[in-house]
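Quick note: numbers below take in every heavy atom, side chains included, and nothing from hydrogens, waters or symmetry partners. Chain naming here is simple, since letters A, B, ... match the order of the sequence lines and numbering starts at 1 in each.
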2 protein chains.
Amino acid sequence: MHQDEPRAEAQDEPRTRILDAADKLFYDRGIQSVGMDELRTAAGVSLKRLYGCFPSKNDLVAAYLDRRDTRWRTALTAYVTQHAATLEDCPSAVFDWLHAWFATPDFRGCAFINSFGELGATSQAVTSAARRHKEALLDYLTELARDLGVREPALLGGQLALLVNGAITTAAISGSPDAARDAGAAARALVAAGR
Amino acid sequence: MHQDEPRAEAQDEPRTRILDAADKLFYDRGIQSVGMDELRTAAGVSLKRLYGCFPSKNDLVAAYLDRRDTRWRTALTAYVTQHAATLEDCPSAVFDWLHAWFATPDFRGCAFINSFGELGATSQAVTSAARRHKEALLDYLTELARDLGVREPALLGGQLALLVNGAITTAAISGSPDAARDAGAAARALVAAGR
DNA sequence: TTTCCTGGAGAACGTTCGTTCTCTAGGCTA
DNA sequence: TAGCCTAGAGAACGAACGTTCTCCAGGAAA
């Protein structure tokens with residue numbers, strides 16, 4: 001007799017396996033480059049079950065982006081709250097986390113920017129997912145700016161978001177994580193100037 | 001008898017029409033979403049001539065990116081040299097030009113970032129085209145920083161590039177050109193701090 | 001007029017994709 | 001054991017893609 005997993009986990013284990021495979025493949029190679037058949041193979045799941053969990057590829061893409069949004073922002077905020085000793089250290093911690101991400105071997109830019117560039121013109125769902133993600137990032141950074149007691153928190157928050165997005169795309173295209181350092185320095189200068 | 005165009009122009013008129021159609025369609029909807037047949041129709045050219053000018057879609061994509069690179073950077077530098085009264089005005093002029101671009105009705109982000117997100121993982125040609133484009137932009141901004149007599153021109157140039165790329169992606173996803181204003185203000189603050 | 005060459009229109013080919021359908025094996029209930 | 005339901009494996013389908021091929025009209029050359 002084999003060991004049984006807990007009920008709830010076993011229940012959506014296929015769904016999780018599919019999402020794991022989608023996350024890896026879609027992020028690595030882009031959405032249109034990955035077929036449902038390859039996805040099925042990677043997830044180790046039958047086509048019937050794949051379409052049972054996600055009625056269409058669009059649904060799977062939406063779920064992929066949704067899960068990636070929460071995971072990415074959770075990882076960022078967790079790192080910042082854990083590694084920033086003081087409030088003043090928070091902006092630097094953001095870019096430290098980015099630097100570590102950029103140095104990851106399979107880093108390939110922002111999934112939302114990539115998806116938007118690929119499908120934004122044809123898929124309203126992708127566009128709004130990207131918009132929600134970037135708005136949530138902006139909200140977080142604006143809140144951070146507000147906590148810093150800066151003169152115009154909305155302005156600084158927006159500028160930090162520009163630096164984050166610029167660093168991500170630059171690091172992806174250049175293939176080097178250095179952009180995070182320049183961005184961090186710029187962020188510190190902007191915070192200092194905004195007081 | 002109809003009027004004859006000049007020889008050289010008539011010679012590659014089909015090529016130009018193809019590139020014009022490719023520029024519009026690829027930029028508007030992404031590369032993989034546009035088929036060669038639709039391109040042929042938009043260019044008003046036979047399939048035979050299309051494949052005579054560009055032996056494969058990859059070649060057309062490369063030519064599309066190449067022409068867009070030179071046009072984009074030419075337009076930027078022309079605007080800056082024309083609208084910046086003093087050297088100090090140059091950074092602001094860069095972001096003024098971006099703002100005007102963002103407000104264009106068919107603005108849809110950076111063609112190179114979009115192409116990279118879509119095909120960077122599968123096409124070495126697209127990756128290196130994007131890399132060359134961003135490096136050329138970085139060189140221009142670094143030169144600009146050097147002319148401003150700043151302490152670390154390479155650092156400031158890189159930071160201006162981050163702001164430019166961040167503003168482009170943010171404007172594209174948010175659908176608003178406001179990012180250019182925040183980026184311009186950040187650029188001025190960074191220039192002032194770098195002296 | 002006949003022949004030859006160019007180029008256009010679009011049919012055709014082979015592949016790939018998203019999605020559905022068929023067939024079958026195996027486990028549960030009676 | 002007999003009947004039934006589930007789910008897996010993968011064939012099948014219709015559409016779309018990149019690319020090539022066929023056919024034919026029309027102009028230049030002799």
Picking from [options], which would you name as closest to the side chain of [X]?
{"X": "B:Lys57", "options": "D:dG18, C:dG10, C:dG18", "answer": "D:dG18"}
{"X": "B:Ser56", "options": "D:dT19, D:dA7, C:dG8", "answer": "D:dT19"}
{"X": "A:Arg49", "options": "C:dG18, D:dA7, D:dG18", "answer": "D:dA7"}

In whole angstroms, how far is the [atom2] atom of [N] from the [atom1] atom of [X]?
{"X": "B:Leu50", "N": "D:dT20", "atom1": "CG", "atom2": "P", "answer": "11 Å"}
{"X": "A:Arg40", "N": "C:dT16", "atom1": "CZ", "atom2": "C1'", "answer": "15 Å"}
{"X": "B:Tyr51", "N": "C:dA9", "atom1": "OH", "atom2": "P", "answer": "16 Å"}
{"X": "B:Asp37", "N": "C:dG8", "atom1": "CG", "atom2": "P", "answer": "15 Å"}
{"X": "B:Asn58", "N": "D:dG18", "atom1": "CG", "atom2": "P", "answer": "10 Å"}

Flag for [Y]-[X]: side-chain donor and acceptor within less than 3.5 Å:
{"X": "A:Arg29", "Y": "B:Thr122", "value": "no"}
{"X": "B:Asn58", "Y": "B:Ser56", "value": "no"}
{"X": "A:Ser174", "Y": "B:Arg131", "value": "no"}

Next on the checklist: Under 4.0 Å, counting only non-hydrogen atoms across every strand here, what does B:Lys48 touch: a base, just sugar-phosphate, or nothing?
Outcome noted: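 B:Lys48: base contact, heavy atoms under 4.0 Å.
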
Checklist entry - Which residues in residues 28-36 of chain A have at least one heavy atom lying under 4.0 Å from any atom of DNA chain C? => result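 The answer is A:Val34, A:Gly35, A:Met36.
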
Next on the checklist: Less than 6.0 angstrom from the centroid, inside 45 degrees of the normal: does A:Arg68 satisfy that with respect to the ring of A:Tyr27?
Outcome noted: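 Checked: cation-pi criterion met.
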
Checklist entry - In this structure, which one of A:Ile168, A:Val164, A:Thr169 forms a side-chain contact (heavy atoms from CB on, under 4.5 Å) with A:Cys110? => result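 Checked A:Ile168, A:Val164, A:Thr169 against A:Cys110; only one passes side-chain contact (heavy atoms from CB on, under 4.5 Å): A:Ile168.
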
Checklist entry - Is B:Arg40 atom CZ crowded by more than 12 heavy atoms from other residues, nucleotides or ligands, each under 6.0 Å away? => result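 More than 12 heavy atoms, drawn from other residues, nucleotides or ligands, come within 6.0 Å of this atom.
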
Item to check | DNA chain D: 5'-proximal contact among A:Leu47 and B:Glu38 (nearest heavy atom) | outcome: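 Nearest-nucleotide comparison on DNA chain D picks A:Leu47.
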
